[in-house]
Amino acid sequence: QVQLVESGGGLVQAGGSLKLSCSASGDTFSAYAMSWFRQAPGKERHFVSSISQDGQTPDLADPVLGRFTVYRDNARSTLYLDMDSLKPEDTAVYYCAAHFGSPSRDPSKYNFWGQGTQVTVSS
């Protein structure tokens with residue numbers, strides 16, 4: 001099993017930037033495909049980005065394409081999400097998730113989840 005802890009959330013003005021981190025422990029981080037999801041109050045959890053085990057295949061949802069960058073450092077067992085040009089609609093709790101196999105946009109594929117970190121973007 002792998003344990004995940006997100007950090008880096010906070011309050012930022014529209015147009016600003018934040019960098020989220022997801023630190024993994026317990027199992028071999030490089031064995032897992034990793035993803036970011038987000039959930040706004042009263043809404044379903046939505047896919048944000050994913051990345052393959054070797055970090056060579058990033059995938060980004062259309063709403064964040066061109067503004068967010070996902071990458072990982074397997075030596076540090078950490079997943080990152082750089083968020084630029086933030087918009088109020090990016091406000092949500094952001095979760096990282098892990099699973100064996102190919103990266104997926106389907107949250108039901110993921111076995112392991114962090115506790116989430118709040119991102120709030122003010123207008």
Min side-chain heavy-atom separation Gln39-Pro107 under 4.5 Å: no
Using every non-hydrogen atom in the two residues, find where Gly114 and Tyr95 come nearest and quote the distance to one decimal. O-CD2, 3.6 Å
Would you confirm whether Glu6, through its side chain, and Gln115, through its main-chain N or O, come within 3.5 Å as a donor-acceptor pair? yes
Without swapping roles, check the side chain of Gln53 against the backbone of Gly101 for a donor-acceptor pair under 3.5 Å. yes
Side chain of Thr91, backbone of Val121: donor and acceptor closer than 3.5 Å? yes
Distance from Asp59 atom CG to Ser52 atom OG, nearest 0.5 Å? 10.0 Å
What about the rings of Phe100 and Tyr32, do their centers lie closer together than 6.0 Å? yes
Flag side-chain contact, heavy atom, 4.5 Å: Asp27 against Gln1: no
What residue pairs, at least two apart or across chains, pass salt bridge (charged side-chain N to carboxylate O under 4.0 Å, His left out) with a residue in residues 39-58? none
If you count heavy atoms of other groups shown closer than 6.0 angstrom to CZ of Arg105, is the number above 12? yes
Disulfide bond (SG atoms under 2.5 Å apart) pairs touching residues 85-123, sequence neighbours excluded, are Cys22-Cys96
Flag the pair Ser104 / Tyr110 as yes when at least one side-chain heavy-atom distance between them is below 4.5 Å, and no otherwise. yes
With heavy-atom distances below 4.5 Å as the criterion, would you say the side chains of Leu81 and Ser49 are in contact? yes
Could you state the interatomic distance from CG (Leu60) to CH2 (Trp36), rounded to the nearest 0.5 Å? 13.0 Å
For Arg72, which residues count as a salt bridge (Lys or Arg N to Asp or Glu O under 4.0 Å) partner, sequence neighbours excluded? none
I'd like to check Met83 versus Val64 (side-chain heavy atoms, cut-off strictly below 4.5 Å). Are they in contact? no
If you link I, L, V, M, F, W and Y whenever their side-chain heavy atoms are under 4.5 Å apart, who else ends up in the same group as Tyr80? Tyr71
Scan residues 50-87 for pairs that pass disulfide bond (SG atoms under 2.5 Å apart), counting only residues two or more places apart or in two chains. none
Donor-acceptor contact below 3.5 Å, side chain Ser123 vs main chain Pro88: no
How would you list all residue pairs meeting ring-ring contact (aromatic ring centres under 6.0 Å, His included) that involve residues 1-22, not counting sequence neighbours? none
Within-4.5 Å side-chain heavy-atom neighbours: Leu79 and Leu4: no
What closest approach, in Å, do Val119 and Gly9 show between heavy atoms, and which atom pair accounts for it? CG2-CA, 4.1 Å
